[in-house]
Each structure stands twice: as C-alpha cells, then as structure tokens.
2 protein chains.
Amino acid sequence: MKLSEYEMDVMQLFWQHEPCTASHIHQLLCEQPGRRKNVAYTTVKTIVDRLEKKGAIERHGQQGRAIVYQSLVTQSTLSKQATPGFMRRFFQGDSRNFIAHFIENEKLDDDDIAYLKTLLDSKKDSK
Amino acid sequence: MKLSEYEMDVMQLFWQHEPCTASHIHQLLCEQPGRRKNVAYTTVKTIVDRLEKKGAIERHGQQGRAIVYQSLVTQSTLSKQATPGFMRRFFQGDSRNFIAHFIENEKLDDDDIAYLKTLLDSKKDSK
DNA sequence: CACCTTTTACTACATTTGTAGTTATTAGTT
DNA sequence: AACTAATAACTACAAATGTAGTAAAAGGTG
C-alpha cells in the first residue's frame, strides 16, 4: 500500500488517537504547531475518504452523525515497506551510511545511546 | 528543493557517475536489476530536463551532440532535508524508534556493528 | 556534402495529490 | 415537529508525476 505524505500525516494521528472521527483528526491537525494551519475540514475528510478507499482504515461505528474510523494497517507495516526505497534513494541503500547519518544528526540522549548499543549487541549475538 | 522519487533515482546515478549524459543515465537505469526495465529514453530525458529546471543539475559541457550534466546539490543536502519528514511520518519523529527499526531490520555485519558502536560512543562523549 | 542516427526540445496525457466548494442529510436542540 | 449546525458524499481543479511521442537539429560517416 502506497500512501501520500499527507495521508501518512493523517495515519499518524489515527494511530495515536483511534478510533476517531474525521472532525477529531481535523482538530488535531489544526492544533499541530507550525506545520499546516487552517486546513479546511473538507480537505481532511477527503484524505480520510481516500484512506478508506485505499484500505488503510475502516468504519468502526458512529458517534452521532459522525463516522468513527479505525486503522487497518500498522505503522510498522508501512515503515517496513517504505524504508528500503527511502534508503536507496537517499543513502544509496547503504544501511551503515544511513544509520550513521542518524546517529550523527538526530538528538539522542544517554539513555537512547545505551539502548541502541544493547540492540547492536543482541543483533550481533543473534547471528 | 523537493525532488520526486524518480528524480531522486536519477540523482543517485548522477552522484555515482557524473559528469554524464542523459543517454548514459538511460543505460544505467536499464541495466539496473529488476527495478524499472524498458524505460524509454525520452522519459529519462524528461526527468533530466526537470532536474535541470529545478536546479539540481547543470550543463557542464558537450560530448558530440549530447549534453553533459553535473549535479548542483549533494546527496547529503537532500538527505538532511528529507529525513525529518520521513522520520515524523513513519516513526512519529522518534529517533530512537527509527534507528531501532534499522538495527533490527537491515543487514549489518560485525564490522558495521562495531563501527556504529564507536559512533554512538563518540556521540555520547561529544556532549 | 548528403544522409542517417542520436539527441534535443517540445508537447501530451492519465494519474495522484493537495486543496476545497456544494449539496444533501440528519442528529441534536428548542 | 421545525430548525440548525455538523457531517457525509460528491464534484472540482491546479500542480506534480510518471510515462512517452513527435519534430527538429546536428554530429559523425560514407
């Protein structure tokens, strides 16, 4: 399943707040700092409709007139699908290059670092 | 600068083979295993034209009739621009979650693992 | 120098994406 | 029961994207 950027933004909100309605998603989007402000409700509803058509979410019930949706795909599933392509396009498919970029450029506290080292160790042991 | 997926695929080839012509890129794309086969030359040329219009590459010279191009942006620049959005959409912007996904899902040999641990250590020290 | 092959430049077109308006319906409210 | 605000359903539309065709020009080759 291939979702657009905006569709993914909406899926993120579903994953964090489901089951929920289009209005709820709309509110959440509007509250989101900086990103996209003043998006019309109908715009959000269109995205939600497309997500339903693509099979990423389904109707779960009603809340008054409003349709309550829930997700049908997990974030993990979509991440696994999307990352190889992203890695190839932006890091020549070189995992090491890729992870190195992140370790260097992203915020990680000591706890994170300790955790990731543990992960690396268990990866090594598992082979 | 925002490039499409296909445009990024072509940029990858430029970075690895520049300076080079559209025909050369076309050949390389056709040789690429599995991915997209039988793409028409004109299709590739269109992408190259768009990359030029977007300012991602420029004319560097001629080779017979053919135009030789070279890149104007680095892979690193584009990666730095693209990754925050990718991370947010697919990993809720959580670096730790993100890197963990990679350590778990991507192929890394013992050398890679040792290298990454060193990187994590130097990250820790630098604070 | 005439010709053929390559390559450019331009045009085309269906699909996807971001964005939103319009119309119809209905759940609450008075 | 009538009204109103919310919501769904449908339609619209420009821009971007993937894909390629056509026409024109200009190298190299006989």
Side-chain angles (χ1 to χ4, degrees), chain A residues 1-13 19-30 32 34-70 78 81-82 85-86 88-89, chain B residues 1-14 19-30 32 34-69 78 81-82 85-86 88-89:
Chain A
M1 175 171 352
K2 173 94 185 260
L3 303 185
S4 77
E5 293 191 352
Y6 205 160
E7 285 163 356
M8 274 303 299
D9 287 342
V10 170
M11 282 309 290
Q12 272 305 334
L13 295 174
C20 69
T21 67
S23 314
H24 191 193
I25 296 285
H26 178 226
Q27 268 174 42
L28 292 166
L29 272 174
C30 289
Q32 241 164 31
R35 300 211 318 95
R36 35 181 128 243
K37 46 192 167 189
N38 289 40
V39 59
Y41 165 76
T42 42
T43 301
V44 177
K45 185 57 164 66
T46 300
I47 298 295
V48 169
D49 289 345
R50 287 178 187 166
L51 284 172
E52 192 190 3
K53 183 167 296 179
K54 289 189 179 185
I57 59 177
E58 70 177 349
R59 283 154 195 246
H60 172 259
Q62 300 256 129
Q63 204 175 89
R65 275 210 70 200
I67 299 162
V68 178
Y69 297 89
Q70 74 190 132
L78 291 186
Q81 271 171 36
F86 181 80
R88 177 166 43 75
R89 296 199 174 83
Chain B
M1 177 170 350
K2 173 96 185 259
L3 303 185
S4 76
E5 294 192 351
Y6 205 160
E7 285 164 357
M8 273 304 298
D9 287 342
V10 170
M11 282 309 290
Q12 272 304 335
L13 295 174
F14 271 116
C20 68
T21 67
S23 316
H24 191 193
I25 296 285
H26 179 227
Q27 268 173 42
L28 292 166
L29 271 174
C30 290
Q32 240 164 31
R35 301 211 318 94
R36 34 180 128 241
K37 46 192 167 190
N38 290 40
V39 60
Y41 166 74
T42 41
T43 301
V44 177
K45 184 59 163 65
T46 300
I47 298 294
V48 169
D49 288 344
R50 287 179 187 165
L51 284 172
E52 191 190 4
K53 184 166 295 180
K54 289 189 180 186
I57 59 177
E58 69 178 348
R59 284 155 195 244
H60 172 258
Q62 300 256 130
Q63 204 175 89
R65 273 210 71 200
I67 299 161
V68 178
Y69 297 90
L78 291 186
Q81 270 171 35
F86 180 79
R88 178 166 42 76
R89 294 198 175 84

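Computed from a predicted structure; not experimentally measured. The basis for the numbers below is simple: all heavy atoms, side chains too, and nothing from hydrogens, waters or symmetry mates. Just so we're on the same page: letters track the sequence lines, and every chain starts at 1.
Rounded to whole Å, the distance from CD on E5(B) to P on dT19(D) is 10 Å. In this structure, E52(B) places its CD atom 14 Å from C1' of dC10(C), rounding to the nearest Å. Distance, K2(B) NZ to dG18(C) P: 8 Å, rounded to whole Å. Note: CG (D49(B)) to P (dT8(C)) measures 8 Å, nearest angstrom. In this entry the distance linking CD of Q62(A) with C1' of dT26(C) reads 10 Å, nearest Å. Atom pair L29(A):CG and dT19(C):C1' shows a separation of 13 Å (rounding to whole Å applied). Atom CG in N38(A) sits about 12 Å away from atom P in dT19(C), given to the nearest Å. Counting to the nearest Å, the C1' atom of dT17(D) and the CD1 atom of I47(B) are 7 Å from each other.
Residue I67(B) has its side chain nearest to dT8(C) when only dT17(D), dG21(D), dT8(C) are considered. Comparing atom distances between the R59(A) side chain and each of dA9(D), dT17(C), dT8(C) picks out dA9(D) as nearest. Of the candidate nucleotides dT17(D), dT7(C), dG21(C), dG21(C) has the atom lying nearest to any side-chain atom of T42(A).
At the phosphate of dT7(D), neither OP1 nor OP2 sits under 4.0 Å from any side-chain N or O atom of T21(A). The phosphate of dT17(C) (OP1 or OP2) has a side-chain N or O of K54(A) nearer than 4.0 angstrom. At dG18(C), none of the side-chain N or O atoms of T43(A) fall inside 4.0 Å of OP1 or OP2 (strictly under the cut-off). Contact between the side-chain N/O atoms of T46(B) and the OP1/OP2 oxygens of dA20(D) is not found at any separation under 4.0 Å.
Taking 3.5 Å as the limit, the base of dT8(C) and the side chain of R65(B) contain no donor-acceptor pair of atoms between them. For R50(A) against dT19(C), a side-chain N or O and a base N or O form a donor-acceptor pair under 3.5 Å.
Counting any heavy atom pair closer than 4.0 Å across all strands shown, S23(A) reaches sugar-phosphate atoms only and no base atom.
What you find for P19(A) and V68(A) is that their closest heavy atoms are CB-CG1, 3.6 Å.
Under the 30°/60° scheme for interplanar angles, the aromatic rings of H26(A) and Y41(A) are found to stand perpendicular.
Position along DNA chain C of the nearest nucleotide to L3(A) versus Q63(B) favours Q63(B) as the more 5'-ward residue.
In this structure, the side chain of T46(A) engages the main chain of T42(A) through a donor-acceptor pair within 3.5 Å.
With respect to E52(A) and K45(A), no salt bridge is recorded, no charged nitrogen being found less than 4.0 Å from a carboxylate O.
Each of Q12(A), R50(A), K54(A) was evaluated against E7(A); a single residue qualifies, K54(A), per the side chain to side chain donor-acceptor pair (under 3.5 Å) test.
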